[in-house]
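A short write-up of the structure that comes next.
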Amino acid sequence: MIPKQTGADWNGQSRRQFIKKTGTVAAAVAGAGLFNLPVTAGENKSAVSIVLDPTAAITQEPPVRWAAEQLRDVLTARGVTAQIYEHLEQAPLSQECVFVTSGASERTREIRNIIGTSAANEPESFALARVITEAHGPLLLAAGDDARGLVYALLELADRVTFAADPLAELKSVKPISENPANALRGVARAFVSDVEDKGWYQNRAFWSRYLTMLAAQRFNRFHLMLGVGYDFTTNITDCYFHFAYPFLLAVPGYNVRAVPLPDAERDANLEQLRFISDEAARRGLHFQLGIWTHAYQWINSPKANYLIEGLTPETHAPYCRDALCAVLKACPNIHGVTFRIHGESGVPEGNYDLWKTIFNGVAQCGRPMEIDMHAKGMDQEMIDVALGTGMPVSISPKSWAEHMGLSYMQGAIRPQEMPPRNAPKTGFFSRSSGSRSFLRYGYGDLLAEDRRYRVFHRMWPGTQRLLAWGDPETAAAYGRVSSFCGCAGLELMEPLSFKGRKGSGLPGGRTAYADTSLQPQGGDFEKYLYTYRIWGRSLYNPDGDAEGKRRWLQHQFGRGAEAMEGAFSSAGKILPLVTTAHCPSAANNNYWPEMYYNMPIVDAKRQHPYSDTPSPKRLGMVSPLDPEFFLGIDEFADELLTGQCSGKYSPAWVAAQLDDVAEKAIAQLRHAKSKSRDTRSAEFRRFAVDIAIQAGLGKFFAAKFRAGILFAIYLRTGHADALKKAIAANRTSRDAWVELSNTAKDVYREDITFGPEYFQRGHWLDRLPAMDADIADMEKLLAQTDTAAPVQLKVEPQNVKQAMHAGFTKPLPADPPFAELYNPPSSFRRGQPLTIIAHAPQSGISAVHLRYRHVNQSETWQTVEMHKMDADYQVAIAAEYTDSPFPLQYHFQIHGGEDRTWLYPGLHPGWQGQPYFVIRQG
């Protein structure tokens, strides 16, 4: 039996001392027969050998060879001689040696046992360990259970070498690790939406080399190039390069279809570049997904369109798309899948299954397995069956948190306005997505049946974070834990700057929109977000993995200030996801941009604003949370305060307190980072300092804005003038915060930052002030009328109003609900049998407990049942009729105590992370 050892067992010992002391590790490794080599003297000891195990077939795969070359090149760049060998016999014994092998090999299994981890035998897993061999001395073992796992092992070493003070010492001090992926799919999507802003990066091969390498190094395994996603409709088209993608890529024999006036040479170069990009992705072990988001070919009311599609008719439309798609896939053999938008925004009326059947045949006829990924909006079973009928693997990708980034759990409930309308349309372009299937517009809907025959993964749209640098490792890690929710495959992120310059709003000068050109990243716009990519990719791969790997880049950039900068990023990065979850005036990223928020009026719903999907009257108090199961809107909270009721949901007053807290922390941590960092004049420091300060300012702004809304709602319900005066003061405080953050952004960002042509999609923070001023003026006008009017009978006693105002801003949320740590959910349930829920609550002071439960199906509403008290327990049974469905179950407890206190359990975890409900799957 071989005893388990750790990396520390080698420290301070010579090779022979270690072998003499233990005997066992050397015997185990040498027993495989590969390491009994003669000792040769005189070699270069400041060099590294990289040996690809010839007995492991995966080491001969191109991505592994590429990753080995990356490690070699990084070592060379750091002044260390490095060479790749095909056999261990070729490697000089005195050199540091990285031995690259399979995780399935006998020797790797033995090493994994020694270091205390089981053999993973799992796709994309890897291990690193230093081992001592009797014949060859110390080796650094890099093992993977497949080619992609080996790529991650080698790129992890390359990353360490890149940032190490002493590259050789870094390799010699590697501690044993074994990592496995938490999510099978970890993707990034990049959208081409602007002729002006996107042609440069699309055509730049050096950019693609750096960008794709970065994605692989941060353990993303999928890249999605989105074409045709820039418009929602086929009207008012201006910049339409790649919008209907096929004629921008190739001429299809038998069809005279052209994008006029695109030159043939440019069209052919586009296809060659697509082949290059997909080949380079495959070279790095990345799955390449081509997104064809639009199949419309006629523009309506679009006199300024820069390209027109000629040569198509309704009769030839579907056959042409089929043949063009097949030709593209054959011309680019390293495209592994195609993403389709199948609802009405694609230009195809919903329910046109015959057209999609024809187009999907282009995938089926390409001659190799090919993923069909369908954007979930408008999806129904007949559409799913059309895709499954091709025999190809099928995925469906719903939006995560509508078109925004919410807190790190799967949304408890969609907004009521996303539920199907009573008189849902049965025909027309949007007969499904605006009709009977509207619950799939902004969530996973009813896609998570246990017996599904398709894969589901979530796509995070860029409504919340699109311009400012973001980096909260806690939120990213929590997303890593929940993205496999109920068997889902994972998460695809639409990258920062998605939709920059869309709908003809592109401007020259770079996508990052810096007025201060010294802040412009030199290697490509993505370099501004290197830390963002690092924490997302590594957290989706392993949310509980090596924290040093996530902060390595910060340490390199900021030295002693790295810890404080990480804290500032973490605090600032929590602000907008909380705002989005609690306050969603529009589910569409087109309309709601909290980074550069367009004022939602508190007083006059007729004031200009873009929030068409807020319930009427469209003002701040009526705005719904993005998760109404766990958060209260402003008017709802005011009603609870004045009636003495308490639902236990997170209130806008609670949200305001959290925002103030993290904003202050972000500012303090940024100040500390500035005092510790090695070079606060560097572009990296200044970029992050500005973006963190803006996000902290947004936290202060929204905190004061929510308080102003609450106080105004109290005024509307009571006529109490003091509430109105306090609302005006809070609204002025919010404006002051906005002025401060706007001045921070002034001279750093351009005066016109464009994510679309409309007033709410472009501009600068300073442009938003007039709407805020008008709102304050409306409040002051009301106050003046109140002061001069004859005394009125107040709707609520003044003392009760004061109590409500006081309670709304001072009563903290109870920290420890009575069920804390006293309930463990069952591991599974059996369909069609009752499920008894028992919670142990011996504490006194509980007046009632309700169970809130629902199928994991957003098309349904949550059910409520009172639990029965039996001694120290509360229990209730979910009926067999309810469990007899294809869906998992989710539930949480509503616990009513004294003094108008109510808790939701389990609630959010500290830092607002984790699922506030329990999930049980069918056994």
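Scope of the values below: all heavy atoms of this structure, side chains included, with no hydrogens, waters or symmetry mates. The residues of the chain are indexed from 1 along the displayed sequence.
Side-chain contact between Arg455 and Glu371: present, with at least one pair of heavy atoms (C-beta onward) separated by less than 4.5 Å. Considering only heavy atoms from C-beta on, Arg186 stays 4.5 Å or farther from Leu491 through its side chain. Side-chain contact between Asp472 and Phe569: absent, with no pair of heavy atoms (C-beta onward) separated by less than 4.5 Å.
At a threshold of 4.0 Å, the pair Glu61-Arg148 does not count as salt-bridged, since none of the basic side-chain nitrogens sits closer than that to a carboxylate oxygen. The pair Arg551-Glu563 does not count as a salt bridge, with every side-chain nitrogen at least 4.0 angstrom from each carboxylate oxygen. The residues Arg552 and Glu156 are annotated as salt-bridged, a charged nitrogen and a carboxylate oxygen being separated by less than 4.0 angstrom. A salt bridge links Lys665 and Asp661; the closest N-O separation between the charged side-chain nitrogens and carboxylate oxygens is under 4.0 Å. The existence of a salt bridge linking Glu492 and Arg222 is confirmed by a sub-4.0 Å separation between a basic side-chain nitrogen and an acidic carboxylate oxygen. In summary, Glu684 and Lys528 do not engage in a salt bridge, as defined by a charged side-chain N under 4.0 Å from a carboxylate O. Arg687 and Glu527 are not joined by a salt bridge, as no carboxylate oxygen comes within less than 4.0 angstrom of a charged side-chain nitrogen. Comment: Lys175 does not engage Asp546 in a salt bridge, judged by the lack of any side-chain N to carboxylate O separation of less than 4.0 angstrom.
Among all heavy-atom pairs drawn from Ser539 and Ile535, the shortest one is OG-O, 2.6 Å. Contact record, Arg921 with Gly487: NH1-N, 3.4 Å, taken as the closest heavy-atom pair. Considering all non-hydrogen atoms of both residues, Arg681 and Arg686 come closest at O-NE, 3.1 Å.
Proximity of the aromatic rings of Trp553 and Tyr529 is defined here by a centroid distance below 6.0 angstrom, and this criterion is not met. Separation of the Tyr479 and Tyr409 ring centroids does not fall under the 6.0 Å cut-off.
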N/O donor-acceptor pairs under 3.5 Å from side chains in residues 63-75, not counting sequence neighbours:
from  : atom 1 : to    : atom 2 : distance (Å)
Arg65 : NH2    : Glu86 : OE1    : 3.4
Arg65 : NH2    : Glu86 : OE2    : 2.2

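Seen from the ring of Trp201, Arg190 counts as a face-on cation partner, given the 6.0 Å and 45° thresholds.
Using bins of under 30°, 30° to 60° and over 60° for the plane-to-plane angle, the ring pair Tyr211/Phe207 lands in the parallel bin. Ring planes of Trp536 and Trp470: parallel class, angle under 30° (limits at 30 and 60°). Classified by interplanar angle (parallel below 30°, tilted 30° to 60°, perpendicular above 60°), the ring pair Phe485/Tyr444 is tilted.
Every residue meeting the ring-ring contact (aromatic ring centres under 6.0 Å, His included) condition with Tyr541, not counting sequence neighbours, appears here in chain and number order: Tyr152. Judged as a side-chain hydrogen bond (donor to acceptor under 3.5 Å, both in side chains), and not counting sequence neighbours, Ser278 has no contacts. Taking Ala696 as the reference, Ala663, Ala666, Ile667 meet the side-chain contact (heavy atoms from CB on, under 4.5 Å) condition, with sequence neighbours excluded. Shown here are the side-chain hydrogen bond (donor to acceptor under 3.5 Å, both in side chains) partners of Thr680, two or more places apart in sequence or in another chain: there are none. Remark: Asn542 pairs with Glu179 by the side-chain hydrogen bond (donor to acceptor under 3.5 Å, both in side chains) rule, at least two apart or across chains.
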Residues Phe126, Arg219; criterion side-chain contact (heavy atoms from CB on, under 4.5 Å); working and verdict: CA-CA 11 Å; Phe126 73 91; Arg219 304 179 198 165; 3.7 Å; yes
